[in-house]
> 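Take a look at the following structure, please.
Lettering follows sequence order; numbering is per chain, from 1. Computed from heavy atoms alone, side chains included, the values below leave out hydrogens, waters and symmetry copies.
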Number of protein chains: 2
Amino acid sequence: MKVSPRADAALDERTAAQVAELFAAFSDTSRVRLIAALVGREMNVGALAEAAGISESAVSHHLRGLRQMRLVRARKEGRQVYYSLDDDHVAALFQQGLDHVRHG
Amino acid sequence: MKVSPRADAALDERTAAQVAELFAAFSDTSRVRLIAALVGREMNVGALAEAAGISESAVSHHLRGLRQMRLVRARKEGRQVYYSLDDDHVAALFQQGLDHVRHG
DNA sequence: CGTATATATGAATAGTTGTTCATATGTTCA
DNA sequence: TGAACATATGAACAACTATTCATATATACG
């Protein structure tokens with residue numbers, strides 16, 4: 001049977017760049033607070049701005065990036081836009097980073 | 001019994017900054033390749049430079065940062081310095097990011 | 001000792017990134 | 001329709017980061 005490729009094999013430039021880009025999404029204090037606020041619930045831009053302590057404009061800019069990376073989803077309802085984490089992997093990855101900081 | 005704090009509670013600025021800093025360590029293509037090369041083995045600076053495709057000087061600069069964050073360990077042997085991932089959490093976090101990029 | 005080798009460091013620089021401000025788009029409701 | 005509201009966008013700027021180059025430290029070995 002064919003074995004899966006070793007996780008520690010040299011990473012090609014392209015894959016490494018994608019991984020780096022993914023982690024970069026979580027590499028800013030404001031974005032971390034936005035993502036933390038979105039774990040397990042959806043929120044509109046105004047509420048997110050309050051939760052993260054930054055302007056709604058800044059939130060919008062961050063959310064655009066997160067949306068383009070498919071880390072968050074947008075749902076429009078009237079004049080509000082509700083954001084949520086795109087899938088459980090996002091929450092899990094964030095949670096693991098948080099755990100590392102808190103314990104271990 | 002006391003329930004554990006909700007993961008989605010608003011994150012204080014300090015914790016958010018620490019989480020962001022952790023993810024930032026993985027947010028650069030060169031560092032991702034360095035860490036990938038270190039999964040499951042130790043390597044000296046020269047070998048890491050080759051594996052990541054950057055100069056030894058650049059490797060040294062990156063490793064200093066990773067050392068200060070206790071993500072890698074250094075072991076000196078003669079005039080070589082062997083680096084390894086500091087603990088399994090580091091490898092696990094990296095692996096989860098890689099998995100997200102590859103599948104899901 | 002002196003030379004070669006391995007790694008580290010500091011300064012300089014080019015490129016990137018987060019935020020702000022002004023403005024635009026789109027929606028509701030009177 | 002028009003005013004108020006929610007969100008998005010673009011340009012500009014300050015702050016940060018990765019790399020390079022030159023140089024420093026440290027070890028090995030003749």
> Can you label the angle between the A:Phe23 ring and the B:Phe26 ring as parallel, tilted or perpendicular, going by 30° and 60°?
tilted
> Do you know which two heavy atoms are closest between B:Lys76 and B:Gly78, and how far apart they sit?
CG-O, 4.0 Å
> Are OP1 or OP2 of C:dT20 and a side-chain N or O of A:Ser55 less than 4.0 angstrom apart?
yes
> A:Gly46 or A:His61: which one's nearest nucleotide on DNA chain D is closer to the 5' end?
A:Gly46
> Give me the atom names and distance for the closest heavy-atom approach of B:Ser30 to B:His62.
CB-NE2, 3.9 Å
> So which heavy atom on B:Gly97 is nearest to which on A:Leu22, and how close?
O-CD2, 3.5 Å
> Whether B:Arg33 and A:Glu13 form a salt bridge (side-chain N of Lys/Arg under 4.0 Å from carboxylate O of Asp/Glu) is what I want to check.
yes
> What is the distance from CD1 of A:Ile54 to P of C:dC21, rounded to the nearest Å?
14 Å
> Nucleotide range of DNA chain D contacted by chain B, 5' to 3', under 4.0 Å to a heavy atom?
D:dA18 to D:dA28
> Can you sort out which residues in residues 67-84 of chain B have a heavy atom within less than 4.0 Å of DNA chain D? Ascending by number, please.
B:Lys76, B:Gly78, B:Arg79
> What is the separation between atom CG on B:Leu63 and atom C1' on C:dA6, rounded to the nearest whole Å?
13 Å
> Between A:Ser60 (side chain) and A:Ser57 (backbone), is there a donor-acceptor pair under 3.5 Å?
no
> Look at B:Asp86 together with B:Arg70 and state whether they make a salt bridge at an N to O cut-off of under 4.0 Å.
no
> Are B:Tyr83 and B:Arg75 close enough, and set up right, to give a side chain to side chain donor-acceptor pair (under 3.5 Å), and what steps lead you there?
CA-CA 6 Å; B:Tyr83 282 88; B:Arg75 181 180 66 83; over 6 Å; no
> Judged by each residue's nearest nucleotide on DNA chain C, which is more toward the 5′ side, B:Ala47 or A:Asp28?
B:Ala47
> What is the distance, to the nearest angstrom, from the CZ atom on B:Arg64 to the C1' atom on C:dA11?
12 Å
> Just how far, in rounded Å, is P of C:dT7 from CD of B:Glu56?
6 Å
